[in-house]
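Encoded as structure tokens, the structure appears first; notes follow it.
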Amino acid sequence: QVQLAESGGGLVQAGGSLRLSCAASGLPFRDYTLGWFRQAPGKERELVARISRLNGNTWYIDDVKGRFTISRDTARSTLYLQMNSLKLEDTAVYYCAASIHDYPFARHHFPSWGQGTQVTVSS
């Protein structure tokens with residue numbers, strides 16, 4: 001199991017940008033597929049971006065394609081989510097999560113979770 005801790009959330013105006021970070025501890029970092037989930041009030045937690053442990057391939061939910069970029073820095077054991085052109089609908093608690101699967105997609109595929117960081121997009 002890997003331990004995860006998110007940071008970088010905050011309040012931003014629509015159209016603005018934020019970069020979330022997720023610091024990982026507990027090796028080996030490169031053996032984990034890493035993902036970002038978000039959960040808005042009253043809604044289910046959903047996977048928004050993923051980077052595979054197998055080959056670094058990325059996946060994004062349709063709503064964030066072209067706006068969000070997931071990346072990792074293996075040397076620093078850190079996962080990032082660059083969020084541009086933010087919309088009101090992006091408001092949520094964002095969680096990073098880790099999986100030993102190559103292409104996980106469901107919550108139960110990610111046994112390790114961070115504590116979450118709040119992203120609030122205002123008009």
Side-chain angles (χ1 to χ4, degrees):
Q1 296 289 315
V2 62
Q3 292 75 51
L4 306 170
E6 305 94 334
S7 62
L11 177 65
V12 64
Q13 290 188 335
S17 298
L18 282 174
R19 188 175 76 160
L20 306 182
S21 298
C22 175
S25 62
L27 299 175
F29 179 79
R30 70 179 185 179
D31 286 355
Y32 289 88
T33 295
L34 303 168
W36 287 98
F37 286 76
R38 68 185 180 188
Q39 187 164 19
K43 293 187 176 294
E44 295 293 319
R45 192 173 300 184
E46 62 179 353
L47 179 66
V48 299
R50 181 190 67 208
I51 184 164
S52 176
R53 70 173 189 166
L54 182 63
N55 50 20
N57 284 353
T58 58
W59 175 93
Y60 302 91
I61 194 170
D62 285 347
D63 290 348
V64 309
K65 287 181 179 176
R67 300 190 298 119
F68 291 9
T69 302
I70 187 171
S71 62
R72 64 188 179 192
D73 186 335
T74 301
R76 299 176 64 185
S77 296
T78 302
L79 175 73
Y80 301 99
L81 185 67
Q82 179 66 47
M83 304 185 294
N84 299 326
S85 302
L86 283 161
K87 303 176 179 179
L88 294 177
E89 306 88 83
D90 296 319
T91 295
V93 177
Y94 283 73
Y95 300 87
C96 61
S99 173
I100 62 171
H101 300 290
D102 293 339
Y103 303 106
F105 56 88
R107 287 184 64 176
H108 65 86
H109 294 154
F110 292 84
S112 299
W113 293 83
Q115 80 286 352
T117 186
Q118 177 71 49
V119 172
T120 302
V121 183
S122 68
S123 61

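These figures come from a predicted structure and were not determined experimentally.
A distance of 9.0 Å separates CG in L18 from OG1 in T117, rounded to the nearest 0.5 Å. Distance check, rounded to the nearest 0.5 Å: CG of D102 to CZ of R50 gives 9.5 Å. Rounding to the nearest 0.5 angstrom, the gap separating the CD1 atom in I70 from the CG atom in L79 is 4.5 Å. For the atom pair CG (L34) and CZ (R72), the distance works out to 7.0 Å, reported to the nearest 0.5 Å. Rounding to the nearest 0.5 angstrom, the gap separating the CG atom in L88 from the OG atom in S123 is 6.0 Å. How far CZ of R107 is from CD of E46: 11.5 Å, rounded to the nearest 0.5 Å.
E6 places a side-chain N or O within donor-acceptor distance of the main-chain N or O of C96, the cut-off being under 3.5 Å. A donor-acceptor distance shorter than 3.5 angstrom exists from the side chain of T91 to the backbone of V121, with no hydrogens or angles considered.
Across S77 and F29, no two heavy atoms sit closer than the pair C-CE1, 3.6 Å. The two residues P111 and A98 have their closest heavy-atom pair at CD-O, 3.3 Å. Closest non-hydrogen pair, L47 versus P104, comes out as CD2-O, 3.9 Å. In terms of heavy-atom proximity, A24 sits nearest to V2 at CB-CG2, 3.9 Å. Between F105 and H109 the shortest heavy-atom distance is N-ND1, 3.3 Å. Closest of all the heavy-atom pairs between Q118 and A92 is NE2-O, 3.4 Å.
Here R67 pairs with D90 in a salt bridge; the nearest charged N to carboxylate O distance falls below 4.0 Å.
A 4.5 Å side-chain heavy-atom check between N57 and Y103 finds at least one atom pair inside the cut-off. Using a 4.5 Å heavy-atom threshold, the side chains of F68 and L86 count as touching. The closest side-chain heavy-atom distance from V64 to M83 is not below 4.5 Å. Looking at L81 and R38, their side chains never come closer than 4.5 Å, going by heavy atoms from C-beta outward.
The aromatic rings of F37 and F110 stand perpendicular to each other, their planes meeting at an angle above 60°, with 30° marking the opposite boundary.
Note on residues 7-25: pairs passing side-chain hydrogen bond (donor to acceptor under 3.5 Å, both in side chains), not counting sequence neighbours, are S17-N84. For residues 26-35, no residue pair satisfies the side-chain hydrogen bond (donor to acceptor under 3.5 Å, both in side chains) rule, not counting sequence neighbours.
W59 and Y80 are members of different hydrophobic clusters when ILVMFWY side chains are connected at heavy-atom separations under 4.5 Å.
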